[in-house]
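What follows is one structure encoded as structure tokens, with my remarks underneath.
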Amino acid sequence: MNETYPNKDYPVKMEPLSPEEALERGRRLPYALIRCYSSVTLGETPAEIDLAEVLEARFFDATREVRLFRQEGALRGAACEQVGDGNYLEECYKLANKDRFGETLTVRRDLWADEDGQTYVAATRLAGWQGGAANG
């Protein structure tokens with residue numbers, strides 16, 4: 001992720017973060033998808049997260065997503081936030097194991113048109129969760 005954007009109308013703001021900053025910001029968001037070495041959690045953001053176990057974590061609400069991920073063995077962080085109303089595609093997926101992971105997961109694809117009028121996906125992020133049990 002970089003900190004420069006084509007112009008002020010770009011649909012998302014992306015920002016690299018330290019793992020500690022990503023975790024701090026992520027804990028303020030209502031939902032999380034966390035893949036660890038020994039488990040997967042999807043639902044409301046848990047109170048306790050063991051960073052040593054995390055392979056990938058995505059904390060989110062309708063307009064923001066904070067990510068933790070492993071790159072070359074090191075934990076890294078990043079944030080992605082919708083800017084303005086923007087154009088996007090949104091899909092809501094029914095989850096197969098609703099007792100463990102909830103009913104649905106919403107994915108949003110933010111769209112951007114370049115100077116030639118070609119539209120492409122600028123960012124893909126989680127944007128909603130509904131559901132049942134909140135743990136994995």
Close side-chain approach of Leu33 to Val40, heavy-atom, < 4.5 Å |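 They are in side-chain contact.
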Can you run down the ring-ring contact (aromatic ring centres under 6.0 Å, His included) pairs that involve residues 62-93, sequence neighbours left out, and say none if there aren't any?
->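 Applying ring-ring contact (aromatic ring centres under 6.0 Å, His included) to every pair that reaches into residues 62-93, excluding sequence neighbours, yields nothing.
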Nearest atoms (heavy-atom pairs only) where [X] meets [Y]:
| X | Y | value |
| --- | --- | --- |
| Ala113 | Thr119 | CB-OG1, 4.0 Å |
| Arg125 | Cys80 | CD-SG, 3.9 Å |
| Ile34 | Ala57 | CG1-CB, 4.1 Å |
| Ala22 | Val66 | O-CG1, 3.2 Å |
| Thr45 | Gly26 | CG2-O, 4.1 Å |
| Met14 | Ala122 | CE-O, 3.4 Å |

Could I get the full list of salt bridge (Lys or Arg N to Asp or Glu O under 4.0 Å) partners for [X], not counting sequence neighbours?
| X | value |
| --- | --- |
| Glu21 | Arg25 |
| Glu91 | Arg109 |
| Glu24 | Arg28 |

Could you tell me which residues satisfy side-chain hydrogen bond (donor to acceptor under 3.5 Å, both in side chains) with [X], sequence neighbours excluded, listed by chain and number?
| X | answer |
| --- | --- |
| Arg27 | none |
| Arg35 | Glu56 |
| Glu115 | none |
| Ser38 | Glu53 |

So how far is it from [X] [atom1] to [Y] [atom2], rounded to the nearest 0.5 Å?
| X | Y | atom1 | atom2 | result |
| --- | --- | --- | --- | --- |
| Leu42 | Arg58 | CG | CZ | 11.0 Å |
| Leu126 | Asp61 | CG | CG | 11.0 Å |
| Leu51 | Leu68 | CG | CG | 6.5 Å |
| Thr41 | Ile49 | OG1 | CD1 | 8.5 Å |

For Asn97, side-chain contact (heavy atoms from CB on, under 4.5 Å) partners two or more places apart =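 Expected list: Asp99, Arg100, Phe101.
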Between Glu65 and Arg108, does a side-chain contact (heavy atoms from CB on, under 4.5 Å) hold up when you go through it step by step?
-> CA-CA 11 Å; Glu65 184 180 80; Arg108 188 172 284 181; over 6 Å; no
Any pair counted as salt bridge (charged side-chain N to carboxylate O under 4.0 Å, His left out), so long as it reaches residues 68-83, sequence neighbours left out =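 Matches after skipping sequence neighbours: none remain.
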With clusters built from Ile, Leu, Val, Met, Phe, Trp and Tyr whose side-chain heavy atoms come within less than 4.5 Å, directly or transitively, what are the remaining members of the cluster of Leu89, listed by chain and number?
->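 Leu89 shares its hydrophobic cluster with Leu111, Val121.
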Under the 3.5 angstrom rule, does the side chain of Thr104 hit a backbone N or O of Cys92 as a donor-acceptor pair?
->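 No, Thr104 side chain to Cys92 backbone: no donor-acceptor pair under 3.5 Å.
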Check whether any side-chain N or O of Asp114 sits under 3.5 Å from a backbone N or O of Asp116 as a donor-acceptor pair, and report yes or no.
->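 Judged by distance alone, yes, a pair lies under 3.5 Å.
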Please check if Trp129 and Leu29 belong to a single hydrophobic cluster, counting links between Ile, Leu, Val, Met, Phe, Trp and Tyr side chain heavy atoms closer than 4.5 Å.
->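 No, because Trp129 and Leu29 fall into different hydrophobic clusters, even though each may have its own neighbours under 4.5 Å.
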ring-ring contact (aromatic ring centres under 6.0 Å, His included) partners for Phe60, two or more places apart |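 Phe60 satisfies ring-ring contact (aromatic ring centres under 6.0 Å, His included) with Tyr31 once adjacent residues are dropped.
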